[in-house]
Engineer: 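My questions will all concern the structure given below.
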Amino acid sequence: MRRLRACVLRGLGKAGGMEQLNQGKTKEMVLITGGGGYFGFRLACALHEAGALVTLFDVQPPSEAIPDGMAFLRGDVREYLEVEGATRGVGCVFHTASYGMSGREQLDRALIEEVNMRGTEHVIRACVGNAVPRLVYTSTFNVVFGGQVIENGDESLPYLPLHLHPDHYSRTKSLAEMAVLRANGTALRGGAGLLRTCALRPAGIYGPGERRHLPRIVRYIESGIFRFVYGDAGSLVEFVHVDNLAAAHVLAAEALTAAKRHRAAGQAYFISDGRPVNNFEFFRPLVEGLGYPFPRLRLPVSLVYFFAFLTEMVHFLVGRLYNFQPLLTRTEVYKTGVTHYFSMAKAEEELGYKPRRYSLDDVVQWFKDKGHGRKPRSPSFKQLLRDVFLMAMLVAVIFSYIPVVGT
């Protein structure tokens with residue numbers, strides 16, 4: 001049953017033509033870097049069900065059982081020889097591996113650069129050397145967004161200047177995407193044709209079993225930290241369900257083939273559910289579904305950003321001794337509190353992308369099945385101390401923030 005649940009992606013064929021993959025031809029070998037992660041494994045399941053021979057390449061295997069016929073290869077994108085060996089005989093590489101997306105990981109600049117930049121260079125080099133004809137890169141909205149308001153933006157937007165990125169993850173993802181798209185049209189070794197590449201820029205990923213962002217949010221809810229929201233109530237952001245994103249990747253791989261006239265070659269595409277929503281309202285069903293009250297206190301983005309800046313400074317000073325998890329980073333404040341959403345027109349027209357409509361109902365149920373949800377109990381002395389500490393920190397930040405705003 002566990003294996004079945006891991007790979008049942010309901011309705012993915014309807015989301016974008018995955019049923020066409022491998023029809024009437026020999027099964028194709030595909031490689032997914034970062035295949036042990038949440039999205040990488042869901043993509044692998046979609047490809048596996050469509051008939052591809054899938055190899056997961058990652059430093060750790062997925063948390064779910066690997067289906068029969070799917071292979072896991074332990075390896076690190078930072079090691080070229082491991083990447084080179086993994087790409088032999090492969091028809092398409094999905095490069096989803098990355099590091100530093102959120103939390104304290106965002107503050108490890110060295111590792112971020114090694115994985116996101118050097119790892120991508122290794123993937124491109126291995127594709128060329130092993131005559132892999134297609135490479136689909138999982139990028140991010142952040143290559144064009146750095147805290148400025150963007151309403152219905154499209155792929156004509158220029159890259160955000162590198163020095164304006166508030167975090168190293170976004171900066172390195174931008175450089176990696178540029179490298180992938182520049183590699184499009186590179187001659188493959190042995191005269192085997194040309195490398196065709198494209199990049200997908202997803203919104204924030206959600207779905208049952210997501211283990212990076214949603215568990216952190218639930219911890220904040222259950223610990224009582226989630227006591228306020230911030231930003232304008234009318235600010236809008238976007239999310240993408242994991243199954244919609246998987247469908248988009250398969251469509252992108254198809255659009256790099258000769259049968260599709262390589263229409264996606266050298267192109268980037270924004271991918272989301274196509275439904276802009278206020279960040280905190282998006283998570284209201286999760287908060288209330290687990291039995292907790294939704295916060296009424298609303299703070300300005302600038303105040304929370306200032307708090308995040310102070311937190312990062314503290315982490316810089318003591319992080320080597322105590323690598324604590326920041327409540328928020330500056331980038332997370334911008335991504336959640338400032339309007340930025342994008343048009344799906346290019347992905348719809350060139351890839352045939354048609355996102356299905358999802359809700360957080362299955363996410364709420366997943367957490368309930370894991371034992372989460374509000375349970376009646378009296379507040380402990382430890383909880384009272386925590387609440388007092390949090391309020392004291394908030395007051396301290398407000399009073400230190402006021403002179404800065406007034407100058």
Engineer: Are any of the side-chain heavy atoms of L194 and R196 separated by less than 4.5 Å?
Structural biologist: yes
Engineer: For E210 and G207, indicate whether the former's side chain and the latter's backbone hold a donor-acceptor pair under 3.5 Å.
Structural biologist: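 Answer holds: no.
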Engineer: Would you confirm whether D76, through its side chain, and V59, through its main-chain N or O, come within 3.5 Å as a donor-acceptor pair?
Structural biologist: no
Engineer: If I compare all heavy atoms of G35 with all of L56, which pair ends up nearest, and what's the gap?
Structural biologist: O-CD2, 3.7 Å
Engineer: Do K368 side-chain atoms and G289 backbone N/O form a donor-acceptor pair below 3.5 Å?
Structural biologist: yes
Engineer: Between R88 and E84, is the closest basic N to carboxylate O distance under 4.0 Å?
Structural biologist: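 Judged by the 4.0 Å cut-off on N to carboxylate O distance, E84 and R88 do form a salt bridge.
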Engineer: Within the 4.5 Å heavy-atom criterion, are V240 and P355 side-chain neighbours or not?
Structural biologist: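 No; the side chains remain at least 4.5 Å from each other.
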Engineer: Please check: side-chain N/O of Y38 versus main-chain N/O of P208, any donor-acceptor pairing under 3.5 Å?
Structural biologist: yes
Engineer: Judged by atom type as modelled, is there a donor-acceptor pair below 3.5 Å linking the side chain of T339 to the main-chain atoms of L236?
Structural biologist: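 Such a contact is found between T339 side chain and L236 backbone.
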Engineer: Check this for me: does any side-chain nitrogen of one of R330 and D167 sit under 4.0 Å from a carboxylate oxygen of the other?
Structural biologist: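 No.
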Engineer: Without hydrogens or angle criteria, can the side chains of D369 and Q365 be said to hold a donor-acceptor pair below 3.5 Å?
Structural biologist: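 Their side chains do contain a donor-acceptor pair, which is all the 3.5 Å distance test asks for.
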Engineer: Which of parallel (below 30°), tilted (30 to 60°) and perpendicular (above 60°) describes F228 and Y230?
Structural biologist: tilted
Engineer: Side chains of R216 and H213: any donor to acceptor distance under 3.5 Å?
Structural biologist: no
Engineer: Regarding R284 and the six-membered ring of F294, is the cationic atom NZ or CZ under 6.0 Å from the ring centre and inside 45° of its axis?
Structural biologist: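 Yes, R284 sits over the ring of F294.
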Engineer: Under 3.5 Å, is there a donor-acceptor pair between the side chain of Q60 and the main chain of D58?
Structural biologist: no
Engineer: According to the side chain to side chain donor-acceptor pair (under 3.5 Å) rule, which pairs have a member within residues 266-276, sequence neighbours left out?
Structural biologist: Y206-D273, E238-S272, N244-D273, Q267-K346, Y269-E350
Engineer: Compare all side-chain heavy atoms of F307 with those of L299 and state whether any distance is below 4.5 angstrom.
Structural biologist: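 Result no, sub-4.5 Å side-chain heavy-atom pair not found.
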Engineer: Does R201 count as lying over the ring of F270, i.e. NZ or CZ under 6.0 Å from the six-ring centre, within 45 degrees of the axis?
Structural biologist: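 Judged by the rule, R201 and F270 form a cation-pi pair.
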Engineer: Which one of F141, Y358, F283 satisfies the ring pair (Phe, Tyr, Trp, His ring centres under 6.0 Å) criterion with F239?
Structural biologist: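 Single pass found, and it is F283.
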Engineer: Do the side chains of F342 and E155 get nearer than 4.5 Å, heavy atoms only?
Structural biologist: no
Engineer: Over all heavy atoms of both residues, which pair between N278 and D232 is shortest? Give the atoms and the distance, please.
Structural biologist: ND2-O, 3.5 Å
Engineer: Any side-chain heavy atom of Y341 sitting closer than 4.5 Å to one from N152?
Structural biologist: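 Heavy-atom side-chain distance check passes, below 4.5 Å.
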Engineer: For the residue pair R125 and Y80, would you count it as a cation-pi contact if the rule is NZ or CZ under 6.0 angstrom from the ring centre and within 45 degrees of the ring axis?
Structural biologist: yes
Engineer: Taking all non-hydrogen atoms of both residues into account, name the closest pair between G373 and E222 and its distance.
Structural biologist: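 Smallest heavy-atom distance, with atoms named: N-OE2, 3.5 Å.
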Engineer: Are the charged groups of R118 and E121 less than 4.0 angstrom apart, N to O?
Structural biologist: no
Engineer: Does some side-chain heavy atom of M344 sit less than 4.5 Å from a side-chain heavy atom of Y353?
Structural biologist: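 Side-chain contact under 4.5 Å: yes.
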Engineer: Does D108 use its side chain to pair, donor to acceptor, with the backbone of G100 at less than 3.5 Å?
Structural biologist: no
Engineer: Within the side chain of S174, is there an N or O that forms a donor-acceptor pair under 3.5 Å with the backbone of S170?
Structural biologist: no
Engineer: Under a 3.5 Å distance rule, please check whether H340 uses its side chain to pair with a backbone N or O of V338 as donor and acceptor.
Structural biologist: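 Side chain of H340 to backbone of V338, a donor-acceptor pair under 3.5 Å: yes, one is there.
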Engineer: Do you know the tightest heavy-atom contact between L297 and R227?
Structural biologist: CB-O, 3.9 Å
Engineer: Answer yes or no: is there a side-chain heavy-atom contact under 4.5 Å between P61 and R74?
Structural biologist: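 Side-chain contact under 4.5 Å: yes.
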Engineer: Looking only at heavy atoms, which two atoms of R134 and T257 are closest? And how far apart?
Structural biologist: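 Closest pair (atom of R134, atom of T257, distance): NH1-CG2, 3.3 Å.
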Engineer: Please check: side-chain N/O of S343 versus main-chain N/O of G153, any donor-acceptor pairing under 3.5 Å?
Structural biologist: no
